[in-house]
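If you're wondering where the values come from, they're calculated on a predicted model, not measured in any experiment. Order of the sequence lines fixes the chain letters, A, B, ..., with proteins taken first and strands second; residue numbering starts at 1 for each chain.
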Protein chains: 2
Amino acid sequence: MTAEFAVAIHSVVFLCHKKKYVSSSEIADNVCTNPARIRKIMNKLISANIVETKNGVGGGYIFSLKPSEVNLFHILTALDEKIVSHKWHSGDKNKPCQVAFGMDAVTENIYNTINIAGYEILKKITIEDIIKTLFPNGEEKANICGNCKKNFI
Amino acid sequence: MTAEFAVAIHSVVFLCHKKKYVSSSEIADNVCTNPARIRKIMNKLISANIVETKNGVGGGYIFSLKPSEVNLFHILTALDEKIVSHKWHSGDKNKPCQVAFGMDAVTENIYNTINIAGYEILKKITIEDIIKTLFPNGEEKANICGNCKKNFI
DNA sequence: TTATATGTAATCCGATGAGTTACAATTAAA
DNA sequence: TTTAATTGTAACTCATCGGATTACATATAA
């Protein structure tokens, strides 16, 4: 799981809070990264129908789904990521030793189990949950960000 | 979680199966990596009292604990690893926006939850479990590796 | 005393994450 | 129609990290 996941979640929550088209520059500034990276990640979310985009003046990205119906597993799969991935393989299928032969499959299985458990956790966390955590008194009564007027970009 | 984890599990299972001192070269050959890497990883397992070592002729590493009492969480913590780690941080604590301010903590919390769930899974998998998977008919009746005679190194 | 091992550091290489820049294509608005 | 703003995407650089390799001092059994 790379930091793309953190960037994507942060971006979606930001879009959800703004409730209007937001440019990649503005998102990048809020997340603290660069616009090209944001656009690259937004493209994946667009392919997964999680956000929408519009070019030109007043354009950018927008989140117009129900926050309670989008969860973190949706975002993870939109990025084509896993919790843990099994890249380096131990042992050798051609060795006449059951340990050398079989351990890679054992490891694969362990990683799968961890992934599945992680997915179940992510499925239970929605964008709405995160918004409620960030704004325990409601977004309208936010005492720092207010309702995100221009001066807080 | 890096591949060290896979190497460590494979090595411990191999030592458990061999039931005698095994050199880093022999372990490396079975795992398919290099001896220096094995020694580095063995050192961490030694510090955690999971394996023992002996220098000189006939030396190497040995696993002399009860396979049913060592689980994968022991190994993971011996390596000082986590399932997922939170290195790249999004947002900015100095920004007057609750999203930019709070999202990093939200992400941290999600990662922690995933880690804890993963630890619980690893705690339930012992070295004995893996040996039983690799040798469903018992280690003595192993039809490929036999009881790991010299010709199968 | 010698051969075999570990412990550990130094170095190299390749892959990958992240930032930066650039520019064609698209779209809204003047 | 023109202009300005914005995305989509590729190319490039840079730093970091995982892994392999080499080397050598130290320890131990025979």
Side-chain angles (χ1 to χ4, degrees), chain A residues 1-8 10-11 15 18 20-48 50-63 79-82 84-92 107 153, chain B residues 1-8 10-11 15 18 20-48 50-63 79-82 84-92 107 153:
Chain A
M1 196 161 68
T2 72
E4 275 204 358
F5 184 51
V7 173
H10 188 140
S11 301
L15 290 180
K18 299 286 275 186
K20 60 177 182 180
Y21 282 97
V22 184
S23 73
S24 57
S25 311
E26 199 175 332
I27 299 172
D29 181 71
N30 195 272
V31 171
C32 286
T33 182
N34 60 85
R37 188 185 190 192
I38 294 293
R39 293 201 286 268
K40 223 181 299 178
I41 294 172
M42 286 302 105
N43 286 340
K44 296 183 183 177
L45 297 178
I46 290 166
S47 300
I50 294 173
V51 305
E52 296 164 75
T53 186
K54 198 174 68 171
N55 266 359
V57 181
Y61 303 93
I62 195 167
F63 176 79
L79 302 177
D80 200 29
E81 291 211 12
K82 294 180 170 188
V84 290
S85 43
H86 185 212
K87 291 173 191 164
W88 193 91
H89 297 269
S90 81
D92 182 348
T107 305
I153 300 306
Chain B
M1 197 161 67
T2 71
E4 275 204 0
F5 185 51
V7 173
H10 188 140
S11 301
L15 290 179
K18 299 287 275 186
K20 61 178 183 181
Y21 283 97
V22 183
S23 73
S24 56
S25 311
E26 200 174 332
I27 300 171
D29 181 69
N30 195 272
V31 171
C32 286
T33 182
N34 60 84
R37 188 186 189 190
I38 294 294
R39 293 202 286 271
K40 222 181 299 176
I41 294 172
M42 288 301 105
N43 286 341
K44 297 183 183 177
L45 297 178
I46 290 165
S47 300
I50 294 173
V51 306
E52 295 164 75
T53 186
K54 197 174 69 171
N55 268 0
V57 181
Y61 303 92
I62 195 167
F63 175 79
L79 303 177
D80 198 30
E81 291 212 12
K82 293 181 171 186
V84 289
S85 43
H86 186 210
K87 292 172 191 164
W88 193 91
H89 296 269
S90 80
D92 183 349
T107 304
I153 300 310

Can you see if the side chain of A:S24 gets near the phosphate of D:dT7 - specifically, an N or O under 4.0 Å from OP1 or OP2?
yes
Supply the atom-to-atom distance A:H86 NE2 to B:F5 CZ, rounded to the nearest 0.5 angstrom.
11.0 Å
Please list, by residue number, the residues of residues 34-42 of chain B whose heavy atoms come closer than 4.0 Å to an atom of DNA chain C; answer none if no residue qualifies.
B:R39
Does some side-chain heavy atom of B:E81 sit less than 4.5 Å from a side-chain heavy atom of B:T2?
yes
Separation of C:dT6 atom P from B:N55 atom CG, nearest Å, is 7 Å
Taking only the side-chain nitrogens and oxygens of A:Y61, find out if one of them lies under 4.0 Å from OP1 or OP2 of D:dG8.
yes
Mind calculating the distance between CD1 (B:I27) and C1' (C:dA5) to the nearest angstrom?
12 Å
What is the distance, to the nearest angstrom, from the CD atom on A:E52 to the P atom on D:dT6?
18 Å
Under the criterion side chain to side chain donor-acceptor pair (under 3.5 Å), which of A:S23, A:S25, A:S24 is the partner of A:R39?
A:S24
Give the nucleotide from the list C:dG19, D:dT7, D:dT26 with an atom nearest to the side chain of A:T33.
C:dG19
Could you grab the distance from atom CE of B:M1 to atom CG of B:L79, nearest 0.5 Å is fine?
10.5 Å
Walking DNA chain C from its 5' end, the first of A:C32 and A:V57 to be reached, judged by nearest nucleotide, is A:C32
Any chance you could measure A:D29, atom CG, to B:D92, atom CG, to the nearest 0.5 Å?
8.5 Å
Let me know the distance between OH of B:Y21 and P of C:dA5, rounded to the nearest Å.
14 Å
When B:K54 and B:K87 are each assigned the nearest nucleotide of DNA chain D, the 5'-most assignment goes to B:K87
Rounded to the nearest 0.5 Å, the CD1 atom of A:I27 sits from the CZ atom of A:R37 at a distance of 13.0 Å
Any chance you could measure A:H10, atom NE2, to B:T107, atom OG1, to the nearest 0.5 Å?
8.0 Å
Once you round it to whole Å, what is the distance between P of D:dG18 and NE2 of A:H89?
17 Å
Rounded to the nearest Å, what distance is computed from the CD1 atom of residue B:I62 to the C1' atom of nucleotide D:dT28?
16 Å
Taking CH2 from B:W88 and P from D:dA15, how many angstroms apart are they, rounded to a whole number?
19 Å
Rounding to a whole Å, what distance do you find between B:M1:CE and D:dG18:P?
13 Å
Go through C:dG7, C:dT26, D:dG19 for me and flag the one nearest to the B:T2 side chain.
D:dG19
Please confirm whether the shortest side-chain N or O distance from B:N43 to OP1 or OP2 of C:dT8 is below 4.0 Å.
yes
